[in-house]
Amino acid sequence: MAARRPPSKAQLRRERMEAAATYPLDWLEERSGLVGGVKYFLFRNVPGDINWMQTLGSATLTAFLVQATTGVILAMYYKPSPHDAYASIQNITDHVTMGWLVRGMHKWGASVFIILMFLHMARVFLFGAYKYPRELNWIVGVLLLTMGMAEGFTGYLLPWDQTAYWASVVGINLNGTAPFLGPWLAQFLRGGQEISGDTLSRFYSIHMLVIPGAIIGLIVLHLYLVIRLGVTSPPWSPEAAGMERPEPASTVRKGLTHPPAAAEPGGSE
Ligand code: HEM
């Protein structure tokens, strides 16, 4: 039997560099299991015949992240008081470096976010992906839709110009016509008998803290359920919606660096 050749210097150097590069990931994995979780999320199996319409959920997520990022930047310059709000918006648009771009992205991005949510919901509906066992995820989605629209409504008042003011009057009055809770809701939204500086602070707090917090929590739950239940195949697929798909045991090392080997031959996954 031929003797095994000792590893060359270059080989040893590469192995040492590889170990140094993956050390932080292995350190984190050993203490938290987080790397394994992210790896499972990124490299999990999905049906072989999913199509582009199934990227609408991720597109909605991207739109939300853009809103969150641009919103944080705007909040650094916006002043939520009746005296300063309009002027601070003008300052952002006309004087802050790239302020016009960030404000434009946030303003138009709000519509993109809502439109994408509706398109995603339509896809889920048309694919029958709301049926057993995904009813709970549909309910979480409905809450996300409600929160998304409430985010648009509360954000609309913030520029504190005529359009913002009168649109909010109409919106609050509409809420006030709801049976039983309507008058209470209108009073709560106004923070008094009339729209005032109190309404602006209230809308700002709800727009900046309450709703984004709720949306983030709901998205985490939504994605957890997507991962737990798996993604539905299109209705024309030979695979029935909601069918269990057994996953082969992974033989891959713990780090995030190597994706699992290709699926077994013959499988559609
Ligand atoms: C912030 C808003 C939302 C985000 C970020 C989001 C994100 C996602 C993602 C990434 C997926 C997996 C990929 C896909 O199927 O596209 C998904 C699936 C799903 N979403 Fe949403 N979604 C949102 C709103 C909604 C709404 C409004 C509904 C319905 C009322 C909904 C119901 C569902 C259901 C039932 C699934 C599972 C679909 C399947 O298994 O094929 N989602 N969502």
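Numbering of ligands and ligand atoms starts at 1, following listing order.
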Asker: Go through ligand 1 atom by atom and flag the ones less than 4.0 Å from a non-hydrogen atom of Phe113.
Answerer: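 Near Phe113, the atoms of ligand 1 are 1 (C).
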Asker: Is it the side chain (CB and beyond), the backbone, both or neither of Phe127 that lies under 4.0 Å from ligand 1, heavy atoms counted?
Answerer: neither
Asker: Would you mind running through ligand 1 and noting each atom that sits below 4.0 Å from a heavy atom of Ala129?
Answerer: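 By the 4.0 Å cutoff, the relevant atoms are 35 (C), 38 (C), 39 (C), 41 (O).
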Asker: Quick one: does any side-chain atom of Glu15 pair with a main-chain N or O of Leu12 as donor and acceptor, under 3.5 Å?
Answerer: no
Asker: Between ligand 1 and Leu223, is the shortest N or O to N or O distance under 3.5 Å?
Answerer: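 Not met; the criterion fails.
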Asker: Provide the closest heavy-atom pair for Pro82 versus Gly197 in the form atom of the first, atom of the second, distance.
Answerer: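 Minimum heavy-atom contact is CG-CA, 3.3 Å.
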Asker: Using a 3.5 Å cut-off on N or O atoms only, is Thr232 in polar contact with ligand 1?
Answerer: yes
Asker: Could you list which atoms of ligand 1 come closer than 4.0 Å to a heavy atom of Arg123?
Answerer: 14 (C), 15 (O), 16 (O), 38 (C), 39 (C), 41 (O)
Asker: For Arg31, look at atom CZ and say whether over 12 heavy atoms of other residues, nucleotides or ligands are found less than 6.0 Å away.
Answerer: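 Counting other residues, nucleotides and ligands, CZ of Arg31 exceeds 12 neighbours.
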Asker: If you take the centroid of each ring, where Trp contributes its six-membered ring, are Phe127 and Trp236 closer together than 6.0 Å?
Answerer: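 Yes; Phe127 has its ring centre under 6.0 Å from that of Trp236.
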Asker: With the threshold set at under 4.0 angstrom, would you say Met53 reaches ligand 1 through any of its heavy atoms?
Answerer: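 No heavy atom of Met53 comes that close to ligand 1.
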Asker: Is ligand 1 less than 4.0 angstrom away from at least one heavy atom of Phe64?
Answerer: no
Asker: From atom 31 (C) of ligand 1, work out which of Glu151, Gln67, Arg134, His222 has a heavy atom at the shortest distance.
Answerer: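 Among Glu151, Gln67, Arg134, His222, the closest heavy atom to atom 31 (C) of ligand 1 belongs to His222.
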Asker: Backbone or side chain, does any N or O of His120 fall under 3.5 Å from an N or O of ligand 1?
Answerer: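 By distance alone, the answer is yes.
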Asker: Looking only at heavy atoms, is any part of Val124 under 4.0 Å from ligand 1, and if so is it the side chain, the backbone, or both, or is it neither?
Answerer: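 Just the side chain.
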Asker: Answer with yes or no whether Gly148 contacts ligand 1, where contact means a heavy atom under 4.0 Å from a ligand atom.
Answerer: no
Asker: Hey, do the aromatic rings of Phe203 and Phe153 have their centres closer than 6.0 Å?
Answerer: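 Yes; Phe153 has its ring centre under 6.0 Å from that of Phe203.
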Asker: I'd like the name of whichever of Leu136, Val142, Val226 reaches closest to atom 18 (C) of ligand 1 through any heavy atom.
Answerer: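 Checking each option, the heavy atom nearest atom 18 (C) of ligand 1 is found in Val226.
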